[in-house]
Amino acid sequence: MNTINQNKKTFTTRKMVIIGLFVALSYVISLFEFPVFPATPYLKLDFGNVFILLTGFLFGPLSGIIACVLKELLCLIGTTSGGAGQVANALVTIAYIIVPCSVYKYKKGLKTVILTLIIACFTGTGAALIANRFVVFPLYMGQSAASVFSEVFWYVTAFNAIKTLAVSTVTVLLYKRLSVFIKRITA
């Protein structure tokens, strides 16, 4: 009974609307992607995860995970990949947001955010390497996946390090400005 009341308090109508708005923003922003390295044009950087991370900071890790899954479900629209990229991206994003959003729920402050985002950059990059090697590359490249992955390993590593660092930086720059406003309208 207590858990039900706590969930009702956690997922108020206003919070669900804001989460939905952040999911929509994340999806739209993810459409504006660009390659970082000419040698691997399929590795494209976007800033959609900024709003997933903000959701997790504002409303907790569960809300961040829900926002991530909803965004990836939206990304399935019109995909020709059968969802492999979306599944991999969801797993990587969850690995990336779980530490900072979980810690921030109990210990706030810029030092905590920066330290946990540094950890998140490593966990997100590591999860991306695993997801690319064992999910994405095999589904797209079949038998040649292992050899192709070994050829582009450093590009994949550098790309994901750049992506997580860029998303972390933009999130830190936006969070304080947005959090005051959002906390005011959700109170």
| note | Tightest non-hydrogen contact, residues Ala120 and Thr123, listed as O-OG1, 3.1 Å
| Between atom CZ of Phe22 and atom CD1 of Ile66, what is the distance when rounded to the nearest 0.5 Å? | 15.0 Å
| Co-membership, hydrophobic cluster, residues Leu174 and Ile19, 4.5 Å side-chain | yes
| Side-chain cluster (under 4.5 Å, hydrophobic types only) that Phe134 belongs to, other residues | Ile130
| task | Rounded to the nearest 0.5 Å, what's the gap from OH on Tyr42 to CZ on Phe159? Could you check? | result | 10.5 Å
| query | Under 4.5 Å between side-chain heavy atoms, hopping through other hydrophobics if needed: is there a path connecting Leu165 to Tyr175? | reply | no
| said: How long is the straight-line distance from CG of Asn132 back to CG of Leu139, given to the nearest 0.5 Å? | reply: 11.0 Å
| task | Identify whether Val69 and Val92 are in the same connected component of the hydrophobic contact network (ILVMFWY, side-chain heavy atoms under 4.5 Å). | result | no
| message | Could you report the tightest heavy-atom contact between Ala88 and Val136, atom names first, then the distance? | response | CB-CG2, 3.4 Å
| Same apolar cluster: Val113 and Leu173, side chain cutoff 4.5 Å | no
| field | Gap between atom CD1 of Ile65 and atom CG of Leu70 - 0.5 Å precision | value | 12.0 Å
| Pair Thr157-Thr125, side-chain contact (heavy atoms from CB on, under 4.5 Å): steps then yes or no | CA-CA 7 Å; Thr157 303; Thr125 300; 4.3 Å; yes
| task | If a pair satisfies side chain to side chain donor-acceptor pair (under 3.5 Å) and one of its residues is in residues 66-75, list it, with sequence neighbours excluded. | result | Glu72-Asn89
| message | By the side chain to side chain donor-acceptor pair (under 3.5 Å) test, which pairs, at least two apart or in different chains, include something from residues 159-173? | response | Tyr96-Ser168
Let me check something: any side-chain donor-acceptor pairs from residues 143-151 under 3.5 Å, sequence neighbours excluded? List them with distances.
from: Ser144; atom 1: OG; to: Met141; atom 2: O; distance (Å): 3.0
from: Ser147; atom 1: OG; to: Ser144; atom 2: O; distance (Å): 3.0
from: Ser150; atom 1: OG; to: Ala146; atom 2: O; distance (Å): 3.4
from: Ser150; atom 1: OG; to: Ser147; atom 2: O; distance (Å): 2.8

Please tabulate, one pair per line, all N/O donor-acceptor pairs under 3.5 Å involving side-chain atoms of residues 44-61, not counting sequence neighbours.
from: Asp46; atom 1: OD1; to: Gly48; atom 2: N; distance (Å): 2.8
from: Asn49; atom 1: ND2; to: Thr93; atom 2: OG1; distance (Å): 3.2
from: Thr55; atom 1: OG1; to: Phe51; atom 2: O; distance (Å): 2.7

| message | Suppose clustering is done on Ile, Leu, Val, Met, Phe, Trp and Tyr with side-chain heavy atoms closer than 4.5 Å. Which residues sit in the same group as Leu91? | response | Val87
| Who pairs with Thr116 by side chain to side chain contact (heavy atoms under 4.5 Å, CB included), at least two apart in sequence or on another chain? | Val99, Pro100, Val103, Thr112
| task | Applying side chain to side chain contact (heavy atoms under 4.5 Å, CB included), name anything that partners Leu110, two or more places apart in sequence or on another chain. | result | Ile114, Val172
| query | Listed by chain and number, what are the side chain to side chain contact (heavy atoms under 4.5 Å, CB included) partners of Ala95, not counting sequence neighbours? | reply | Ala127
| field | Phe122, CZ: over 12 other non-hydrogen atoms inside 6.0 angstrom | value | no
| task | Report the residues that fulfil ring pair (Phe, Tyr, Trp, His ring centres under 6.0 Å) with Tyr155, sequence neighbours left out, ordered by chain and then residue number. | result | Phe37
| note | Residues joined to Tyr106 in its hydrophobic cluster, side chain to side chain under 4.5 Å directly or through other members, sorted by chain and number, are none
